[in-house]
There are 2 protein chains.
Amino acid sequence: MDLSFEDLRKELKNKNLRLSHQRLKVLEFLTNNRIHPTVDQIYRGLHKDIPTLSKTTVYNTLNALVDAGIVKPITIEDNEARYDIATQDHGHFKCEVCGNIYDFDINISAFNPSDLDDFKIKDRDVYFRGICPNCKK
Amino acid sequence: MDLSFEDLRKELKNKNLRLSHQRLKVLEFLTNNRIHPTVDQIYRGLHKDIPTLSKTTVYNTLNALVDAGIVKPITIEDNEARYDIATQDHGHFKCEVCGNIYDFDINISAFNPSDLDDFKIKDRDVYFRGICPNCKK
DNA sequence: AATTAACTTGTAATGATTACAAGATAGTAA
DNA sequence: TTACTATCTTGTAATCATTACAAGTTAATT
Ligand SMILES: [Mn+2]
Ligand SMILES: [Mn+2]
Ligand SMILES: [Zn+2]
Ligand SMILES: [Zn+2]
């Protein structure tokens with residue numbers, strides 16, 4: 001169900017976004033590094049390949065991709081945004097010790113609380129926090 | 001099931017936190033204004049009564065109350081933190097038009113995804129986004 | 001009433017994100 | 001291919017929320 005890198009190129013075309021070198025590299029990084037990276041991690045990760053890359057471009061690119069629905073921001077961090085390729089629904093668990101963010105399966109779209117019958121729900125996020133197996137030892 | 005203001009005083013005592021005027025006023029504001037206010041809203045709301053109040057104190061107070069488990073931060077906003085009296089589990093819905101955050105009933109503690117069997121879960125948040133009934137018109 | 005650790009306050013520092021303007025480039029059409 | 005232009009990238013400066021720090025104040029205990 002995950003999108004291939006070719007699918008992502010097509011997604012950009014569909015949304016009338018240019019396939020700039022920087023955008024494709026950001027998408028490639030997110031595809032190959034499923035760690036919900038911060039802006040800084042993306043910037044540092046790409047800087048080797050693209051020495052002229054500006055951090056502003058990483059911000060601009062991520063904002064454009066989020067607006068286009070291709071990338072999903074993860075706001076489980078209070079102090080800095082993290083990013084994920086928009087894929088099937090899943091929850092996020094943040095370990096308070098190592099800081100890693102783990103995916104977990106959960107059928108979020110099945111939640112339709114009656115309190116929200118008259119609301120238009122566009123987005124559902126499930127964020128858990130605690131300690132991961134590695135850090136419990 | 002909601003905590004009374006007197007209960008909150010006792011909670012502070014239990015946690016060995018001083019019952020300073022500013023802390024009690026912050027708790028009173030959160031009790032009386034169930035709108036998940038920002039730091040700035042709390043500051044402006046209390047400034048009438050306490051003209052000497054510093055915004056740093058609002059930050060310090062909220063951090064202390066969050067550490068003590070009396071107040072819960074709501075990080076549905078990417079750009080600024082919001083705060084809620086820690087009470088029974090419930091979900092939060094943010095309207096993308098008016099910006100209001102609504103509570104809704106949902107039994108979050110019942111979610112125990114098998115992917116997290118080996119994780120220690122300390123905190124569960126459910127954040128929905130969309131358009132509220134008022135703004136749908 | 002005296003004592004003192006904890007708290008409050010104002011100011012300065014920090015750090016993430018955005019605004020802006022000038023130069024570069026992707027995509028299109030001749 | 002070449003020319004054109006809207007879009008994109010880049011560096012710098014600005015913004016805004018939050019924290020660090022040091023000096024003065026206060027809640028709670030004796
Ligand atoms: Mn994920
Ligand atoms: Mn709430
Ligand atoms: Zn961990
Ligand atoms: Zn609304």
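So that the names make sense, note that chain A is the first sequence line, chain B the second, and so on, each numbered from 1.
One atom, CG of B:Asp40, and another, C1' of D:dC16, lie 11 Å apart when rounded to the nearest Å. As rounded to whole Å, 13 Å separates atom P of D:dT10 from atom CG of A:Leu62. Atoms CG (A:Leu46) and C1' (D:dT9) sit 14 Å apart, rounded to a whole Å. One can place CG of A:Leu12 at 13 Å from C1' of C:dA26, the figure rounded to the nearest angstrom. The distance from atom OH of A:Tyr43 to atom C1' of D:dG11 is 10 Å, rounded to the nearest whole Å. One atom, CZ of A:Arg23, and another, C1' of D:dT10, lie 14 Å apart when rounded to the nearest Å. Taking atom CG of A:Leu24 as the reference point, atom P of D:dC8 lies 12 Å away to the nearest angstrom. Note: CD (A:Gln41) to C1' (C:dT17) measures 17 Å, nearest angstrom.
For the pair A:Thr61 and D:dC8, the criterion of a side-chain N or O lying under 4.0 Å from OP1 or OP2 is not met. Listed pair A:Gln22 / D:dT10 meets the phosphate criterion, a side-chain N or O lying under 4.0 Å from OP1 or OP2.
The hydrophobic cluster containing B:Leu116, built from Ile/Leu/Val/Met/Phe/Trp/Tyr side-chain heavy atoms closer than 4.5 Å, also comprises A:Phe93, A:Tyr102, A:Phe104, A:Ile106, A:Ile108, A:Phe111, A:Leu116, A:Phe119, A:Ile121, A:Val126, A:Phe128, B:Phe93, B:Tyr102, B:Phe104, B:Ile106, B:Ile108, B:Phe111, B:Phe119, B:Ile121, B:Val126, B:Phe128.
Residues forming a side-chain contact (heavy atoms from CB on, under 4.5 Å) with B:Thr57 (at least two apart in sequence, or on another chain): B:Gln22, B:Leu53, B:Ser54, B:Thr61. Not counting sequence neighbours, the partners of A:Asp40 by the side chain to side chain donor-acceptor pair (under 3.5 Å) test are A:Arg44, A:Lys55. With sequence neighbours excluded, the residues satisfying side-chain contact (heavy atoms from CB on, under 4.5 Å) with A:Lys122 are A:Lys120, B:Glu96, B:Ile131.
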Item to check | Contact state string [nucleotides 17-30 of chain D, B base, S sugar-phosphate only, - no protein heavy atom under 4.0 Å] | outcome: SBBB-----BBS--

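Listed by first and then second residue, the ring-ring contact (aromatic ring centres under 6.0 Å, His included) pairs that reach into residues 18-57 of chain B are B:His36-B:His92, B:Tyr43-B:His47, sequence neighbours excluded.
A salt bridge links A:Lys72 with A:Asp123: the distance from a Lys NZ or Arg NE/NH1/NH2 to an Asp or Glu carboxylate oxygen falls below 4.0 Å.
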